[in-house]
Every structure is written in structure tokens, then in C-alpha cells.
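Okay, so here's the structure we're looking at.
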Protein chains: 4
Amino acid sequence: MPEIKVFKVHYNEKQEQIIISAEKLFSEGGFSGTSVRDIAQEAKVNVAMISYYFGSKEKLLEAVFEYRILGTAIQLENIVANDKITPIHKIYSLIDHYTDKLFNNQCFYKLMLREQLKQMENADLLEIIYKSKKKNLDLISNLISEGQAKGQFRKKIDVSLMMSTLFGASNQVFFNQPFYRRINGLESMPEDEFQILLKKRLRLHLKNMFKAILTHEL
Amino acid sequence: MPEIKVFKVHYNEKQEQIIISAEKLFSEGGFSGTSVRDIAQEAKVNVAMISYYFGSKEKLLEAVFEYRILGTAIQLENIVANDKITPIHKIYSLIDHYTDKLFNNQCFYKLMLREQLKQMENADLLEIIYKSKKKNLDLISNLISEGQAKGQFRKKIDVSLMMSTLFGASNQVFFNQPFYRRINGLESMPEDEFQILLKKRLRLHLKNMFKAILTHEL
Amino acid sequence: MPEIKVFKVHYNEKQEQIIISAEKLFSEGGFSGTSVRDIAQEAKVNVAMISYYFGSKEKLLEAVFEYRILGTAIQLENIVANDKITPIHKIYSLIDHYTDKLFNNQCFYKLMLREQLKQMENADLLEIIYKSKKKNLDLISNLISEGQAKGQFRKKIDVSLMMSTLFGASNQVFFNQPFYRRINGLESMPEDEFQILLKKRLRLHLKNMFKAILTHEL
Amino acid sequence: MPEIKVFKVHYNEKQEQIIISAEKLFSEGGFSGTSVRDIAQEAKVNVAMISYYFGSKEKLLEAVFEYRILGTAIQLENIVANDKITPIHKIYSLIDHYTDKLFNNQCFYKLMLREQLKQMENADLLEIIYKSKKKNLDLISNLISEGQAKGQFRKKIDVSLMMSTLFGASNQVFFNQPFYRRINGLESMPEDEFQILLKKRLRLHLKNMFKAILTHEL
DNA sequence: AATGAATGAGTTTTCATTCAT
DNA sequence: TATGAATGAAAACTCATTCAT
């Protein structure tokens with residue numbers, strides 16, 4: 001029996017195929033709605049290989065999360081650490097960064113949202129997610145404090161509500177694209193063109209909103 | 001054989017039990033993650049009764065949606081139609097209304113969010129949801145126009161983005177309660193007390209935010 | 001509870017509806033392939049009524065047989081008893097008679113054939129069928145003896161093989177109509193026109209054949 | 001997952017066990033009257049293995065047909081091609097051949113007859129059967145033409161009616177063995193002895209009949 | 001006399017995983 | 001190391017029948 005892999009390992013080619021396929025299918029059909037056979041077929045590997053490499057379907061899900069979260073955590077720190085720009089522009093940069101990630105990793109964010117809706121009985125997975133969130137939140141908190149210290153942001157900001165607004169609004173817009181199309185009569189616009197338009201509008205909206213709540217005395 | 005019910009019918013006691021149970025379990029474990037056996041057990045009815053009354057698991061899901069959506073559509077209109085209050089207070093009222101509904105129908109909103117993440121192959125269900133959303137959006141659009149006409153709201157408001165912000169942010173906060181607790185050191189607060197606190201904070205946050213984006217020239 | 005009906009009763013309207021519907025559906029889909037719900041729907045009665053009137057699905061099958069067999073046994077005797085025509089013409093008349101019944105009671109004959117293929121565990125039903133067959137065979141035997149006594153038929157005729165040939169060939173032709181159409185390029189001929197043609201050809205074939213085996217010394 | 005086999009493959013041992021068992025049980029109890037559990041039990045394999053190997057119960061039925069039809073098609077050609085014997089003796093040989101196959105493959109022929117009675121919605125299966133029949137019919141047609149060319153058979157023979165007579169009569173006799181026993185007072189004769197007797201009589205009967213209709217001017 | 005509601009036992013099929021090699 | 005074969009458990013659903021009225 002192969003040792004069940006935990007954290008920070010390098011996956012071989014087959015394993016990566018499996019993870020990518022799982023991410024895609026889990027995001028589309030949900031965890032229970034996707035069978036390991038489907039994943040094996042998508043990844044063009046033998047069914048038994050999934051149990052063999054990851055131990056179980058559950059463990060595969062963890063691997064997917066771990067793979068993406070560890071793979072994308074670093075950039076945020078660079079933004080916050082950058083001395084050259086003002087706090088509000090760091091916020092703008094943050095918005096650009098998150099919307100980019102969201103639009104580029106649709107599968108994964110869908111999957112993450114999905115899993116958050118479960119009462120996650122899977123404690124390991126929950127811990128991975130919490131840790132990642134906490135780290136991000138701390139970084140943003142520092143950024144806000146910096147703005148407040150410089151007198152550019154107003155006092156009394158609930159950072160976690162603010163971040164929830166950023167993520168929640170973005171997700172909501174993102175996962176309601178078909179509805180947004182219909183409402184605004186954009187059914188016939190090509191997919192990529194539409195996504196560019198939507199991202200632009202979303203960013204503008206978010207930036208306006210964050211400027212308002214961060215800088216105006218209300 | 002009972003005719004499979006479609007729309008606006010009154011469900012009998014057993015049927016309601018089933019719907020309520022299904023709503024709860026679907027919201028917790030997802031559609032595929034919940035078996036009809038589980039639902040039958042929760043509702044304390046025979047398994048066969050679910051097929052008997054609703055035809056299939058899929059149809060039961062539709063029934064759940066229909067039951068809640070048709071059951072809660074009306075109140076919004078009253079808010080908008082009310083002559084006694086200003087547009088911005090209607091918005092506040094709307095925020096109170098939505099957060100109330102969200103906190104009181106946790107199961108259903110969780111379920112709805114879940115299902116929206118699927119590429120819903122179930123066209124009937126999608127239509128039910130779209131229709132309900134469109135109706136709400138139209139009401140809000142009128143409200144915004146009213147505020148603009150009265151010179152109280154600024155021009156150029158993307159109503160659908162605004163509503164996405166309301167729903168998205170609320171949902172995000174709502175479904176991240178455990179995280180919010182941890183972050184803010186509220187692990188030991190009793191559940192209901194915490195929910196009241198959270199709702200209060202969320203409402204304040206939303207009202208501030210909406211006032212800012214609706215009324216300030218940015 | 002109503003007494004379960006046995007033999008020679010008069011069925012009321014609803015009961016007849018059920019029997020006719022059952023005959024049709026059993027003949028098409030087989031006994032196990034047809035559900036009592038299907039029958040109830042076809043007969044436009046309540047499902048429970050079938051158990052109520054006939055006791056069980058099995059008993060309903062018996063009722064179908066009994067209904068048809070008792071309903072059609074008499075005419076054969078008239079043919080054989082007729083003094084006006086020669087034995088060979090009685091045979092011809094018999095062929096006409098059987099092919100008529102076959103083409104007019106397609107459902108029932110299909111059903112009967114079907115049931116004969118089962119190792120009929122249902123002893124009651126088997127007895128009904130055997131009795132009917134035996135009676136027919138005796139009549140024909142007498143007819144053959146008459147022809148032999150008159151020197152018109154040859155000796156040494158195995159009557160049961162002869163009757164099997166009549167029934168078997170007719171059935172085979174009858175239930176292979178689609179194949180016969182294809183083979184003979186008659187796919188586009190209207191159904192009723194085709195049936196008339198087929199019946200005519202089948203009768204001619206059978207009459208020739210029976211004349212040959214009954215009258216020629218070989 | 002094994003690719004679902006189509007046509008002309010070699011089945012492994014387990015698969016053959018399943019096919020043989022299915023043939024037996026389907027022939028006895030009909031398709032709907034036989035459960036996959038029964039088949040699995042008879043074949044002494046796991047229930048899931050049937051789906052695993054054949055995909056579905058329906059596909060298993062197809063496999064049974066294909067297995068037998070492809071397995072027995074060849075011999076007929078040898079008979080027809082044989083230069084050493086006259087056309088009428090080829091017909092006799094054909095009768096011997098068919099009755100042999102019928103008595104040796106009782107299960108399969110019962111099953112085939114059964115399935116022909118259904119309005120076969122299964123188009124694949126229908127095609128398999130039609131093709132096999134057509135091929136046989138063409139061979140016989142050639143044989144008849146040969147006899148006619150040599151002046152040994154009369155003109156105007158409807159080959160498909162003739163073949164239906166052969167198959168229909170044989171089947172009828174075959175599947176009414178218990179009745180034949182009773183009628184002729186042979187209830188106590190041992191099964192195999194009776195079958196030999198019956199086959200002998202049937203063959204004689206068929207040969208007489210075919211000689212009559214093929215050679216005599218009527 | 002007739003039936004809507006209800007159900008336990010049954011159906012076929014799919015599932016994630018294990019085993020032998 | 002990798003995999004085709006195999007399987008027990010569970011899935012959703014249908015069945016004929018019964019029961020309370």
C-alpha cells in the first residue's frame with residue numbers, strides 16, 4: 001500500500017491529472033454528485049488508481065483544496081507589502097487580484113463555495129480553509145490599520161464584514177452570469193467578451209463601493 | 001395513484017413533512033448527498049411515499065423550491081408600494097426584510113445557493129428561480145428610479161450589481177458564521193445571542209454601504 | 001370482501017373494461033411486464049379495484065382466459081356437424097374459421113401463445129386451456145374419421161400433429177407480419193390491406209397443404 | 001470498467017455462465033419475469049457483475065441472442081451447398097437439422113419465440129434476429145429455385161410461408177409436448193424416450209408434408 | 001360497494017473500494 | 001507500481017396488495 005500523501009508533496013503527472021479532473025467535476029456536479037469513475041474517465045486513468053494514490057474520494061477532495069490553496073497564497077503578501085502605493089490603491093489592487101483569481105479559477109472557487117455550504121464534517125479540510133482565510137484576513141487588517149494610521153480611512157471598520165462583502169458580492173455576480181446576461185439583454189454576446197465586460201463592471205462597482213465605505217464619514 | 005402536483009397546490013400534512021425534511025437535508029448535505037431514505041426517515045414516513053407523492057427525488061427538489069418561493073414572494077411589494085417612507089428608508093427596510101428572511105429560512109437559502117452553483121440541467125427549476133429573481137429585480141429597479149426621480153439617489157446605478165452585493169454579502173456573512181465567531185473571539189457566545197448580534201452588525205454594515213453608493217457622488 | 005368470482009359469471013361493465021385492458025396489455029408486454037397500475041389506467045378504473053374484483057393479478061389473468069375461451073368455443077361444433085358439405089370442405093371451413101379468429105382476436109392469441117411458453121405453474125389456467133384444446137381435437141378427430149370412412153382421406157393421419165401444423169403455421173405467419181412485409185417488399189402497404197392479403201395467402205397455402213396431406217397417397 | 005462487448009467477442013467463463021443462466025431463466029419465466037438476482041444466483045456470480053459485464057439487463061438479453069445466433073448460423077450453408085444430394089433430400093436434411101437444433105436448444109428457442117411475441121421496442125435485438133432470418137430465407141430460396149430449375153419442384157412456391165410452416169409447426173409441437181403426451185396416452189413414458197419418439201414422428205410428418213407441397217401439382 | 005392513501009418487499013443499477021496479480 | 005476483476009452496500013424507484021373509510 002502506498003503511503004497516503006499529506007501536504008506539500010509534489011504530485012506526479014497522473015496525480016495532477018486526477019486533481020484537475022476532480023476539481024472540474026466536483027465544481028460542476030458536487031462531491032456526492034460526482035463518481036470516482038467519472039473522475040477516472042476524465043483524467044484518463046484507471047479507477048483503482050484514485051484509491052491507490054489518494055486513499056479515498058474524501059482524501060482526493062482534500063488534495064484538490066490543498067493543491068490550489070497552497071498554490072495561490074503568496075501573491076497577496078506582495079500587494080500589501082508594496083511601499084509605492086497608497087492604502088486605497090492597495091485595496092483596488094486587491095479587488096483586481098481577487099476578481100482575476102475568481103475568473104481564472106472558476107472551477108476551484110465554485111468548488112470552495114460549494115463545500116463551505118456543507119456543514120463540513122471533514123475537520124481536516126475545514127482547518128485548511130480556515131487557516132488560509134485567517135491569514136488573508138490578517139493581511140487586510142494590517143492594510144486597513146495602515147490606512148487609518150495615515151488618516152486616509154475612517155475608524156470603526158469591521159474588516160471581516162468588509163471582506164465578506166468583497167467575496168460575497170464577487171461570487172454572487174460571478175455565479176449568476178447567466179442571469180446577468182438575461183437581465184441586461186446580453187444573451188448573444190460571445191462568452192469571453194462578456195466575461196471581460198462583466199469583470200470590468202464588477203471591479204468598478206466594487207472599487208466605488210469600497211472607496212465609499214472606507215473613506216467617507218457617513 | 002395521486003396526480004403529481006404542479007404549482008400552487010395545497011400540500012397535505014405528510015407532504016409538508018416531506019418537503020420540510022427534504023429542505024433541511026438537501027441544504028445540509030446537498031441534493032446528491034442526501035438519500036430519499038434519509039428524507040423519509042427524517043419526515044417519519046415510508047420511503048415509497050416520496051415517490052408516491054412527488055414522483056421522483058428530482059421532482060421533490062422542485063416542490064421544495066416552489067413551496068418556499070411561492071410562499072414568500074408577496075411582502076416585497078408592500079415595502080416598495082409604501083408611500084409613507086423615503087426611497088432610502090425603503091432600501092433599509094429591504095435590507096431588514098432580506099436579512100430576516102435569510103436568518104429565518106436558513107435551510108432554504110442554503111439550498112438555493114447550493115443549487116445555483118450547479119449548472120442546473122433541470123430547466124423547470126431554473127425557470128422558477130429566474131422568474132422569482134426577475135420579479136424582485138424589477139421591483140427594486142422601480143424603487144431606484146423613484147429615488148433618482150426625487151433627486152435622492154445618484155444616477156448610473158447598476159441595479160443588478162447592487163442586488164448581487166446585497167445578496168452576496170449577506171449570504172457570505174451568513175454562511176461563514178463559524179469563521180466570524182472565531183475571528184472575533186465569540187466562540188462561547190450562545191447561538192441565538194450571536195445570531196442577533198451578527199444580524200445587527202450585518203444590517204448596519206449593509207445600510208451604511210448602500211447609503212454610500214446610492215447617495216454620494218463618488 | 002367480495003367473493004372471488006369463479007367461472008361462467010356475468011361480468012359487470014367495469015370488470016369487462018378491466019379484462020379487455022388486461023388482455024391487450026398482457027399480450028403486448030407479457031404478464032410480468034405489465035403492472036396492475038397500467039391496466040387500471042388503460043381501463044380507467046382505480047388500481048385497488050383490480051384486487052377488489054379479481055383478488056390478484058394472477059386471478060385476473062385466469063379471468064381473461066376464461067372470458068375468451070368460454071366465449072368462443074361453440075362455433076366449431078356447427079362446422080363439424082354441418083351435413084351439407086364434404087369433409088375436405090369442412091377442413092377448409094375450419095381453416096377459414098381459425099384464421100379469422102386469429103386475425104380478429106390478435107391480443108388474445110398472442111397472450112395464449114405467450115402463456116403456453118411458460119411452464120405454467122398455474123394449474124387452474126393450464127386445465128382451462130387443456131380442456132378447450134382437447135375438445136377441439138376430439139371434434140377434428142371425428143371429422144377426419146368421417147373423411148376416412150368416406151374414403152376421401154387417407155389412413156394413418158396423426159391428428160394432433162396436423163392441428164399443431166395448422167395452429168403453429170398460422171401463428172408463425174401471424175406474429176411475423178413485420179418480417180413478412182420486409183421480405184416481400186410490402187412495407188408501405190396500409191395495415192388493413194396488408195392483413196387481408198396475408199390472410200388470403202395464408203389460407204390458400206394452408207388449404208393446399210392440408211389437401212395434400214389428407215388426400216394424396218405419398 | 002470493461003468496455004461493453006459488442007458482437008463476435010469471446011466471452012470469458014463467468015460471462016458464459018451468466019449468458020447460459022440468463023437463457024434458461026428468461027426462457028422459463030420471460031424477460032420481465034426474471035430478475036437479475038435470479039440470474040446471478042443461478043450463475044453463481046455477484047449481482048453487480050451482470051451490470052458490470054453487460055451494462056444492463058436489456059443488454060444481457062441481446063448478448064444471449066447474439067451468442068446463440070452467431071454460434072449456430074454456419075451449418076445451414078453446408079447442407080444447401082452439398083452437391084451430392086437432390087433438392088428434396090436437402091429439404092429433408094433441413095428438417096432434420098432444424099428439429100435437432102430445436103430439441104437441443106430448447107431454452108433458446110423458447111426464449112426467441114417469447115421475444116418475438118413482444119412488440120420488440122429493442123431495435124438492436126430486432127435487427128439481429130431479422131438479419132439471421134433473412135439469411136436463412138435466402139439460402140432456402142436458392143434451394144427451392146434449384147429444385148424448380150431441375151423440374152423437381154413445382155412453380156409458385158411462397159418460400160416465406162413454407163418456412164413459417166416448418167418453424168411454426170415444429171415449435172407448436174415442441175412446446176405442446178405435455179399436451180401431446182396426454183392426448184396420446186404417453187404420460188408415463190420417460191422424458192428422453194418420449195422426445196425421441198416425438199422428434200421421429202414430427203420429422204416424418206414434416207417430410208411428408210413438404211414433399212406433398214413441393215412436388216405434387218395440386 | 002368502492003377508493004385514496006399507504007406500504008413492505010421487491011426491482012435494477014451504481015457506488016467506492018479491495019483484491020489478486 | 002499499477003490495474004482489471006470483482007463485490008457488498010446502498011442507491012432510487014416500482015410493485016401488488018391492504019387498509020380505513
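Given the structure is predicted, the values throughout are model-derived calculations rather than measurements. Side-chain atoms are counted along with the backbone in the values below, which use heavy atoms only and exclude waters and symmetry mates.
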Review point. Taking the six-membered ring for Trp, is the centroid-to-centroid distance between Y11(A) and Y53(A) below 6.0 Å?
Key: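 Centroid separation for Y11(A) and Y53(A): 6.0 Å or greater.
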Grab the [atom1]-[atom2] distance between [X] and [N] for me, whole Å please.
X      : N       : atom1 : atom2 : answer
N12(A) : dA2(F)  : CG    : C1'   : 12 Å
R37(D) : dA10(F) : CZ    : P     : 13 Å
I18(D) : dA5(F)  : CD1   : P     : 13 Å
L25(C) : dA16(F) : CG    : P     : 12 Å
F26(D) : dT12(E) : CZ    : C1'   : 12 Å
I50(C) : dA16(F) : CD1   : P     : 9 Å
Q41(D) : dG10(E) : CD    : C1'   : 15 Å
K59(B) : dC13(F) : NZ    : C1'   : 13 Å

Review point. Within the side chain of R114(D), is there an N or O that forms a donor-acceptor pair under 3.5 Å with the backbone of E28(D)?
Key: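 Checked: pair present.
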Nearest to side-chain heavy atoms of [X], which nucleotide of [options]:
X      : options                  : answer
Y52(A) : dA6(F), dT1(F), dC19(F)  : dT1(F)
S51(C) : dT18(F), dT13(E), dG8(F) : dT18(F)
K57(D) : dT12(E), dT17(F), dT3(E) : dT12(E)
N46(B) : dG8(E), dT13(E), dC13(F) : dG8(E)

Review point. What nucleic acid atoms does T34(D) come within less than 4.0 Å of, heavy atoms only: base, sugar-phosphate, or nothing?
Key: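 Sugar-phosphate, no base atom in range.
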Review point. Taking for each residue the nucleotide of DNA chain E bearing the nearest heavy atom, is the 5' side occupied by V45(C) or by D38(A)?
Key: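 That would be V45(C).
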**Study point:** salt_bridge(K131(D), E127(D)) N-O dist < 4.0 Å
**Key:**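 Here K131(D) does not pair with E127(D) in a salt bridge, since their nearest N and O are not under 4.0 Å apart.
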**Study point:** K57(D) to F31(D) six-membered ring, cation-pi geometry met (6.0 Å, 45°)
**Key:**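 The answer is yes; both the distance and angle limits are met.
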Taking pairing as Watson-Crick or G-U wobble with both contacts under 3.5 Å, can you name the mate of [N], or confirm there isn't one?
N       : result
dA12(F) : dT11(E)
dA1(E)  : none
dG4(F)  : dC19(E)

**Study point:** Below 4.0 Å: OP1/OP2 of dT14(E) and any side-chain N or O of S35(A)
**Key:**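 Checking dT14(E) against S35(A), no side-chain N or O comes under 4.0 Å of OP1 or OP2.
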Practice item. Check whether any side-chain N or O of Y53(A) sits under 4.0 Å from OP1 or OP2 of dA2(F), and answer yes or no. Key: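 For dA2(F), OP1/OP2 do have a side-chain N/O of Y53(A) under 4.0 Å.
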Check your understanding: When you match F31(C) and M49(D) each to their closest nucleotide on DNA chain F, which lands nearer the 5' end?
Key ->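 With F31(C) and M49(D) compared, the 5'-side residue is M49(D).
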Check your understanding: Nearest nucleotide by nearest heavy atom, which residue falls closer to the 5' end of DNA chain F, V36(B) or K14(D)?
Key ->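 First, find each residue's nearest nucleotide; the 5'-ward one identifies K14(D).
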Check your understanding: Do Y67(B) and Q15(B) have side-chain heavy atoms sitting under 4.5 Å apart?
Key ->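 Side-chain contact under 4.5 Å: no.
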